Every structure is written in structure tokens, then in C-alpha cells.
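Every chain is numbered from 1, with letters handed out A, B, ... down the list of sequences. Just so you know, these numbers come straight off a predicted model, no measurement behind them.
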Amino acid sequence: MSKVRVRFAPSPTGPLHIGGVRTALYNYLLAKKNQGDFILRIEDTDQTRFVEGAEQYIKESLSWLGISPDEGPGIGGNFGPYRQSERKEMYQPFVTQLLEKGDAYYAFDTVDELEQMRARMKKTGMQPRYDTTSRMSMKNSLTLSKDEVEKRMAEGAEYVVRIKMPRKEEIKFHDEIRGYVSVQSNQIDDKVILKSDGLPTYHLANVVDDHLMGITHIVRGEEWLPSAPLHVMLYKFLGWENTMPKMAHLPLILKPEGKGKLSKRDGDRLGFPVFPIEWKDPSTGEMSMGYREEGYLPEAVINILALLGWHSSNNEEIFSLSSLVNEFSLSKVNKAGARFDIDKAKWFNHQYIIQKPEKEILDDFSTYLKSNNIQKNDEYLLKIIPMIKERANFIHEFLQEGEYFFSPPIEYDSKAMKKKWKTVGVEFGKEFLNKANQLEEYNAENLHQLFHQLIEEKNVGIGQVMPTMRLAVTGKAGGPPIFEILSVIGQKEVQKRFTEAVTKFPV
RNA sequence: GGCCCCUUCGUCUAUCGGCUAGGACGCCAGGUUUUCAUCCUGGAAAGAGGGGUUCGAUUCCCCUAGGGGCUACCA
């Protein structure tokens with residue numbers, strides 16, 4: 001059995017949609033599961049849609065997520081070049097072959113003529129397309145005399161090459177996810193395979209490249225399913241039927257609500273990213289948010305995307321990239337489109353935040369703090385990270401969650417103040433701090449002990465006095481264990497905050 | 001409009017003819033906690049409809065309905 005080789009083949013027309021990222025991921029998983037190769041191929045045959053920086057964006061996204069290609073532009077490999085624009089001459093022999101065998105033909109129709117043809121057909125209730133019947137009334141090498149065709153070519157007339165679809169034939173192929181799919185050939189039009197600028201269209205290019213690059217499995221989005229029969233015909237015409245790659249068409253990622261596939265607009269409207277990393281449109285300057293910048297961990301994004309359309313039968317949901325590689329199978333990929341669920345996405349991120357070692361969180365957290373003009377040493381941060389990480393979905397929430405670690409409270413939870421800011425608590429607090437200030441070591445354990453001693457001595461309820469202390473020092477009603485907070489903030493600062501609170505809110 | 005694909009809790013999904021239909025997110029209730037979060041326990045919540053096939057259908061087939069995709073010299 002030959003080595004598994006799969007390709008991810010985006011076109012560099014802008015930022016990579018997360019649906020595309022998932023396609024890349026599934027390709028990667030299939031490759032690695034079988035010790036195969038994952039190839040990045042840039043499908044830039046449409047020069048008019050080329051966007052500066054898009055290719056770099058794609059590579060950076062994949063690299064951030066840890067699904068780096070084994071071969072690709074700038075990476076190397078034995079099947080290059082990996083940009084279709086750089087493979088231009090490689091397609092010509094196959095076009096010639098198709099032409100000579102009569103499986104393709106030249107067409108000289110102008111845009112206007114094509115439009116007229118479509119309008120005409122529509123009017124008479126026919127399907128508007130360039131196909132087995134309508135081609136006979138158009139200007140092409142099937143209708144024009146050989147002399148006329150040669151004359152036009154000699155004059156340098158613009159032309160395209162179209163595939164000549166058989167009139168009546170069942171095209172049947174097997175999809176790894178959907179089973180057998182069959183279509184009548186007369187439902188497919190004579191698609192352009194070579195454009196007038198001399199570059200192939202996607203259809204020809206992907207077939208030729210997949211063949212030349214030894215691709216064994218095509219894993220792509222469901223939007224390609226309708227053109228798959230066309231590709232099958234091309235494999236047939238080119239004589240590659242026996243080595244045709246297996247095909248798998250992935251279900252689409254749908255809007256969280258409403259109709260249709262997930263779009264950038266949904267993200268903007270509902271406030272979540274649809275792109276892996278931030279993107280700035282070079283022509284408009286418009287920014288699109290990315291998962292990376294919004295505080296998602298790459299391993300969380302991988303996990304989220306993996307579960308959108310694929311599921312393990314053992315009910316597990318938390319998967320690292322390497323466990324996905326072990327578990328993944330095309331046969332477990334779902335057929336139906338999956339609605340994107342941002343709440344579950346956040347939950348995944350939360351899981352990975354909790355799981356993540358403090359030292360690894362440190363970098364991101366201190367970078368975030370610096371951008372907010374807050375400087376604290378690593379030792380200090382390392383103490384507070386474990387206290388707040390399970391309370392946050394994102395690292396940028398750490399600051400908000402634990403703002404009292406960086407500055408005295410500005411606001412005090414009014415509901416809690418009303419309920420818990422009472423004489424008994426304040427008096428107790430004063431006495432507790434007096435004693436605490438005498439402590440040899442101002443640490444959580446000692447503070448805890450002292451506090452409980454005093455409670456017994458005074459015979460007060462813990463709920464009457466502890467919230468008071470928390471409110472005075474943090475301004476909040478909830479949070480990590482109070483004695484740990486006190487010990488981290490430090491004796492002097494605690495005393496200061498308490499005194500201030502008492503002054504502000506006399507009882 | 002035409003063609004193709006799809007259809008289990010609100011959402012992601014398990015089930016490959018035997019189901020008291022399982023899990024996860026979210027939601028609700030209880031427990032733990034001074035508190036919030038975490039964690040634990042419990043709860044509400046689904047097989048689009050109609051026909052077949054079968055001893056038996058969520059599972060196989062057909063029809064209807066609904067959803068999605070494609071329908072360019074774009075990918």
C-alpha cells in the first residue's frame with residue numbers, strides 16, 4: 001500500500017476561515033494517523049483574487065495551531081513547486097492531451113455572448129449552461145471549421161479550453177463519508193479548464209496536481225461535492241482512473257443561529273472570531289479578530305474544531321492533537337453540517353486554561369499586563385495565577401478577575417456591602433489585623449489559624465466576619481480563599497485597605 | 001428553478017436491527033465553599049412526518065417536509 005499523502009489547498013484570497021482550518025486539521029490528522037505526508041498547496045490560479053499576505057497568513061495560522069505541513073511553498077519537498085501559479089507550464093501537456101483525444105475543445109465566446117446564451121436558455125425554460133446541447137450554438141472548435149479555428153488562433157484571438165462532457169453517462173464515485181454518490185453527466189456543464197490568461201481553473205489544476213503529487217486522499221469541504229463528478233471525468237479522460245485519490249467531503253460549519261454557513265458577519269454580530277489569527281485587510285485596512293488574539297489557546301481551538309463534525313465513540317471530548325491523531329478516522333466524520341457553539345468553545349478554552357501549567361500561563365499573562373501598563377515580577381504573578389485560573393475562560397480575564405492583586409478596590413460590591421458590612425465584622429476585622437500585624441510570618445496558614453482562634457474567642461459566626469475582610473481588601477463578594485489573598489497582598493497593604501474601607505464606610 | 005448532500009435533546013453528538021435512546025456544552029436544583037469559581041450529585045430536554053421491509057426499527061428502503069451546498073474564464 002502506498003504512503004498516505006494528503007493536501008490542504010487553500011487559495012490566498014484573504015484570511016483562512018475556521019472551516020478551512022478544520023479541513024486542514026482533518027487532513028493533518030488523516031496523514032499523521034497513517035504516518036503519511038501533509039502537503040500545503042497554494043491554489044492561486046485566479047490572479048485577480050490574489051491578496052497580499054494571505055499565503056503568509058495561512059502558514060502562520062497552521063504553525064500557531066501546530067499542524068505544520070511536511071511539504072509546501074517555502075518548506076520544500078520533492079513534488080514542487082507548491083504554488084499553482086508557478087506550475088503553469090505543467091498543465092499544458094495535459095490540456096493538449098485532452099484536446100487531441102477530443103475530450104476538450106477550444107471556445108471563443110465572449111462574456112457577452114455567454115450571457116446572452118444563458119438569458120436565451122432561461123427564457124425558454126432550459127437550464128442556462130454551456131453543455132452538451134447549447135455548445136452547438138456557440139463559437140467553439142466543435143462548431144467552427146478547422147480553418148476558422150486556426151485562423152482565430154493565428155490572429156491571437158482569446159480562447160478558453162472547455163471539457164467536453166459526455167452526453168449521457170452516469171458518473172458514480174465513492175465518498176469516504178457519504179458512500180456512493182452518482183450524477184448524470186448531462187447535469188454538468190462543459191466547465192472551463194484552461195482560462196484565457198493561460199492558467200488552468202481549479203478543476204484541472206487540482207486534478208493534475210493531485211495526480212502529480214501522489215495525493216492518496218482528497219479531504220475537502222462539502223461545497224466541492226457538486227464538482228467532484230467533473231473531477232472524476234477528468235481523471236477518466238486523463239487515464240488516471242486507477243490511481244484516483246479517495247475522496248471525502250466534510251460537512252460545513254453552520255451559523256450558531258439562523259440559516260447558512262458560518263460567516264465573518266456572524267462573528268462580528270455575535271462577538272466571536274471566525275479566523276484563527278487576526279487579519280488586516282491590506283486594501284481596506286479593516287481588521288478581523290482572530291482566536292489567537294482573543295485569548296484562545298491553540299490546543300483549545302484544535303479541540304473545538306476537531307469536535308465540529310467528528311466525534312469519538314467512547315464519549316471523550318478533551319483531545320490533545322496527538323490523541324486526535326490516534327483516534328481520528330474518516331469513518332467517524334459526520335455527514336450533516338454542524339452549528340458553531342461559542343459557549344462550548346469558551347468551555348474548551350477554560351478546560352485548557354485550568355490544565356495549563358502556571359509557568360506557561362505566566363508569559364501570556366505578563367505580556368497582557370504590560371500592555372495594560374502593569375508591571376509585577378514573575379514570582380508575584382506565579383502566586384496569583386493558580387488562584388484565579390479556574391475562575392477565568394481567558395488569560396485576559398485574569399486581570400479583571402484578580403484586579404485587587406494589582407490595585408486597591410475602587411468599587412465595592414454594593415449588594416454584599418449592604419448585607420455583610422456590619423459593626424461586628426468591622427470590629428472583628430480591626431482586632432484580627434492588630435494581631436495579624438504581630439505575626440512573625442504573615443502567611444496564609446498563620447492568618448487562617450489566627451482568624452479561627454479569634455472566632456472561637458469572640459464566639460462570632462464565620463459568615464459575619466469573613467466577608468467583611470474580603471470586601472475591605474478586594475471589594476468583591478467572591479474569589480479565592482481570603483487568607484491566601486491577604487498573604488499575597490501583604491501585611492502593610494492589607495492594613496491600609498482595611499483602614500480605608502472603614503473610613504469610607506463607617507458603621 | 002435545476003442538480004447534489006443532509007435530518008437523534010436548544011447546540012455538538014453516541015447508537016453500526018433488540019433502547020429504560022447514552023455523553024458533553026448550556027439551563028435548573030442540591031451538596032462542598034465565608035463567598036465566587038472549581039468539583040460532586042440529581043433534573044428537565046431528542047429520533048421531522050407518512051408509508052413499507054422485519055418477530056422487532058432511531059438504525060434498512062421509498063415518499064413528503066425541512067435544512068444545507070453548488071449552479072463563473074472564483075476557489
Taken to the nearest whole Å, NE2/A:His350 to C1'/B:A24 is 16 Å
If you apply the rule ring pair (Phe, Tyr, Trp, His ring centres under 6.0 Å), what do you find for A:Phe348 with A:Tyr296, and how did you get there?
CA-CA 9 Å; A:Phe348 272 117; A:Tyr296 285 83; over 10 Å; no
Thinking salt bridges, do A:Glu484 and A:Lys383 make one under a 4.0 Å N-O criterion?
no
Sticking with atom P, work out how far B:A14 lies from B:U64, rounded to a whole angstrom.
27 Å
In whole angstroms, the gap separating P of B:C3 from CD of A:Gln187 amounts to 6 Å
Pick out the pairs of N or O atoms, protein on one side and nucleotides 70-74 of chain B on the other, that lie under 3.5 Å.
residue : atom : partner  : partner atom : Å
B:C70   : OP1  : A:Lys261 : NZ           : 3.4
B:C73   : OP2  : A:Arg162 : NH2          : 3.2
B:C73   : O2   : A:Ser196 : N            : 2.8
B:C73   : O2   : A:Ser196 : OG           : 2.7
B:C73   : N3   : A:Ser196 : OG           : 3.0
B:C74   : O2'  : A:Asp46  : OD2          : 3.0
B:C74   : O2'  : A:Arg49  : NE           : 3.1
B:C74   : O2'  : A:Arg49  : NH2          : 3.2
B:C74   : O2   : A:Arg49  : NH2          : 3.3

Atom CE of A:Met126 and atom C1' of B:G2 are separated, to the nearest Å, by 13 Å
Which listed nucleotide (B:U35, B:C25, B:G68) is nearest to the side chain of A:Glu222?
B:G68
Determine whether the aromatic ring centres of residues A:Phe428 and A:Phe451 are separated by less than 6.0 angstrom.
yes
Tell me: CD1 of A:Ile485 to P of B:C36, nearest whole Å?
14 Å
Among B:C4, B:G26, B:U35, the one nearest any side-chain atom of A:Val183 is B:C4
On the ring face of A:Tyr180, is A:Arg178 found with NZ or CZ under 6.0 Å from the centre and within 45° of the axis?
no
Whole-Å distance, A:Glu358 CD to B:U38 C1', equals 14 Å
Are A:Glu431 and A:Lys458 close enough for a salt bridge, meaning some N to O gap below 4.0 Å?
yes
State, to 0.1 Å, how close A:Val149 and A:Leu144 come at their nearest heavy-atom pair, and which atoms those are.
CG2-CB, 3.8 Å
Please state the P separation for the pair B:U15 and B:U8 - nearest whole angstrom.
14 Å
Regarding A:Gly221, tell me which of base, sugar-phosphate or nothing describes its non-hydrogen contacts under 4.0 Å with the strands shown.
nothing
Could you tell me whether A:Tyr57 and A:Trp279 have their ring centroids closer than 6.0 angstrom?
yes
Could you check how far CD of A:Gln355 sits from P of B:A37, rounded to whole Å?
21 Å
For nucleotides 10-16 of chain B, give me one character per nucleotide, 5' to 3': B if any protein heavy atom sits under 4.0 Å from the base, S if the only such contacts are to the sugar-phosphate, - if neither.
-BBSSS-
Answer yes or no: is there an ion pair linking A:Lys430 with A:Glu427, defined by an N-O contact shorter than 4.0 Å?
yes
If I pick the C1' atom on B:G47 and the same atom on B:C6, what distance separates them, to the nearest angstrom?
15 Å
Using a heavy-atom cut-off of 4.0 Å across all strands, would you classify A:His448 as base, sugar-phosphate, or nothing?
nothing
With no hydrogens and no angle check, do the side chains of A:Tyr130 and A:Asp109 hold a donor and an acceptor under 3.5 Å apart?
yes
Atom C1', compared across B:A48 and B:G67: separation rounded to whole Å
11 Å
At 4.0 Å (heavy atoms only), tell me whether A:Lys476 reaches a base, stays on the sugar-phosphate, or touches nothing.
nothing
Aromatic centroids of A:Tyr202 and A:Trp224 separated by under 6.0 Å
yes
